[in-house]
Amino acid sequence: MEHRRHRALDRNLATSADRADYLVELSNVVRRTDLGGPAPRSLHRLGLVVDALVRLTGDRDVAVYCVADRSLLGGRREFAEEADARTLARWVAEGLVEEVPDADERVLEIAGMTGIQVVTADHYDDHRIEHPWIQGNTWQFLRPEAAGRGAVRLVPLDMGYRTGAEISKKMELSALKKQGLLTAAAKPLVEVVGRAWRCPEARCTL
């Protein structure tokens, strides 16, 4: 049954961004535990997003272009079902999902060039220096939200404005995350960071 549901989604997956109606940050959607059950990762959530887009557009063949972090498939054991991991691997192999080291950067690159609407819950605070068009954007991003009875609705995501200090702090946290120096609560591992960044001058208070 799971296999049939996945196959049914194939017709909605575009092989290039210029053939798509919407851009989906797949890693963000698949990891949304507030949608479609408690599993850390589930492709069922993509199906819910596509259903929401069908309702929004009235088009059963609405096309989405999906971009995923390489780490998404790397965490195979966190998927709701083994079939999810097999399907994602097939989609990547067949060009139905673009797999990249950093999905955020690729999604923003495509969105900035094409103006296509993006389905995500990410505010991309750490990317606003290189992509200033995110600031104050109220129309290009759609956030999936639980709509009851297992359904999902898509609502406009107001990106708002971030100060230089807020952007800088987010960039620092993102850099620490990439190095494995954040706790599960997104807090820096103070002891490790302190050892790594302590000034070599013994009298320096930094």
Side-chain angles (χ1 to χ4, degrees), residues 6-36 39-54 56-57 59 61-76 78-80 84-134 137 139-145 152 154-157 159 170-171 174-175 177-178:
H6 291 165
R7 283 288 181 182
L9 278 174
D10 284 14
R11 72 177 185 182
N12 298 103
L13 301 182
T15 55
S16 64
D18 59 2
R19 297 179 179 177
D21 302 303
Y22 294 88
L23 180 62
V24 175
E25 188 185 344
L26 188 62
S27 301
N28 185 277
V29 169
V30 165
R31 292 184 172 117
R32 287 282 302 278
T33 55
D34 56 324
L35 307 175
R41 307 178 190 198
S42 174
L43 288 187
H44 175 57
R45 293 163 187 150
L46 174 61
L48 294 176
V49 164
V50 170
D51 289 343
L53 287 171
V54 169
L56 182 66
T57 63
D59 181 6
D61 295 319
V62 62
V64 299
Y65 187 67
C66 296
V67 179
D69 291 309
R70 189 163 295 146
S71 61
L72 182 63
L73 187 54
R76 302 176 71 98
E78 293 189 7
F79 278 98
D84 282 20
R86 291 196 301 269
T87 295
L88 179 56
R90 175 176 66 80
W91 284 345
V92 170
E94 295 178 0
L96 296 175
V97 168
E98 180 179 351
E99 186 182 60
V100 293
D102 183 0
D104 288 2
E105 186 56 44
R106 179 58 175 153
V107 164
L108 293 174
E109 177 187 17
I110 294 172
M113 290 190 302
T114 65
I116 192 172
Q117 284 190 292
V118 182
V119 178
T120 184
D122 198 332
H123 283 81
Y124 303 108
D125 291 351
D126 51 333
H127 291 277
R128 296 191 180 209
I129 290 179
E130 64 267 43
H131 299 283
W133 55 270
I134 299 173
N137 195 305
W139 66 270
Q140 197 169 354
F141 298 89
L142 297 172
R143 175 186 173 89
E145 292 187 353
V152 162
L154 298 168
V155 299
L157 179 59
M159 305 306 278
K170 183 64 176 178
M171 291 174 67
S174 295
K177 181 179 180 181
K178 289 180 179 179

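Both backbone and side-chain heavy atoms feed into the values below; hydrogens, waters and symmetry mates do not.
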Scanning both residues in full, the closest heavy-atom pair of A111 with W133 reads CB-CH2, 3.7 Å
Original post:
Any side-chain heavy atom of V29 sitting closer than 4.5 Å to one from V24?
Top reply: yes
With sequence neighbours left out, the residues meeting side-chain hydrogen bond (donor to acceptor under 3.5 Å, both in side chains) with D21 are none
Sorted by chain and number, sequence neighbours left out, side-chain contact (heavy atoms from CB on, under 4.5 Å) with L154 holds for A52, L53, V119, L142, P144
**Prompt:** Taking the side chain from T15 and the backbone from L96, do they hold a donor-acceptor pair closer than 3.5 Å?
**Reply:** no
Y124 meets the ring pair (Phe, Tyr, Trp, His ring centres under 6.0 Å) criterion, sequence neighbours left out, with F141
In this structure, CZ of R32 is separated from OG of S42 (nearest 0.5 Å) by 13.0 Å
Taken in chain and number order and not counting sequence neighbours, the residues that satisfy salt bridge (charged side-chain N to carboxylate O under 4.0 Å, His left out) with D18 are none
Contacts of T33 meeting side-chain contact (heavy atoms from CB on, under 4.5 Å) (sequence neighbours excluded), chain-then-number -> R45
(request) Determine yes or no for a side-chain-to-main-chain donor-acceptor pair under 3.5 angstrom, with D84 supplying the side chain and L43 the backbone. (result) yes
For D102 and D104 the tightest heavy-atom approach is OD1-N, 3.1 Å
- [ ] Would you check if V97 and V67 make a side-chain contact, meaning some heavy-atom pair closer than 4.5 Å?
- [x] no
Applying salt bridge (charged side-chain N to carboxylate O under 4.0 Å, His left out) to R70 and not counting sequence neighbours gives none
Check: Does any non-hydrogen side-chain atom of Y22 lie less than 4.5 Å from one of V118?
Finding: no
Exercise. Check whether any side-chain heavy atom of F79 lies under 4.5 Å from a side-chain heavy atom of V30, and answer yes or no.
Key: yes
To the nearest 0.5 Å, atom NE2 of H123 lies from atom CD1 of I134 at 11.0 Å
Compare all side-chain heavy atoms of L73 with those of E99 and state whether any distance is below 4.5 angstrom.
yes
| request: Compare all side-chain heavy atoms of Y65 with those of L13 and state whether any distance is below 4.5 angstrom. | output: no
Rounded to the nearest 0.5 Å, the CG atom of N28 sits from the CZ atom of R143 at a distance of 8.5 Å
Residue pair L26, L46: steps toward the side-chain contact (heavy atoms from CB on, under 4.5 Å) verdict: CA-CA 7 Å; L26 188 62; L46 174 61; 3.8 Å; yes
Applying side-chain hydrogen bond (donor to acceptor under 3.5 Å, both in side chains) to S71 and not counting sequence neighbours gives R31
query: Do V107 and L23 have side chains that get closer than 4.5 Å, going by heavy atoms?
result: yes
Applying side-chain hydrogen bond (donor to acceptor under 3.5 Å, both in side chains) to N137 and not counting sequence neighbours gives Q140
Residue pairs passing the salt bridge (Lys or Arg N to Asp or Glu O under 4.0 Å) test with at least one member in residues 108-125, sequence neighbours excluded, are R106-E109, D125-R128, D125-R162
The side-chain hydrogen bond (donor to acceptor under 3.5 Å, both in side chains) partners of E105 (sequence neighbours excluded) come to H127, H131
Salt bridge (charged side-chain N to carboxylate O under 4.0 Å, His left out) filter on E78, not counting sequence neighbours, yields R41
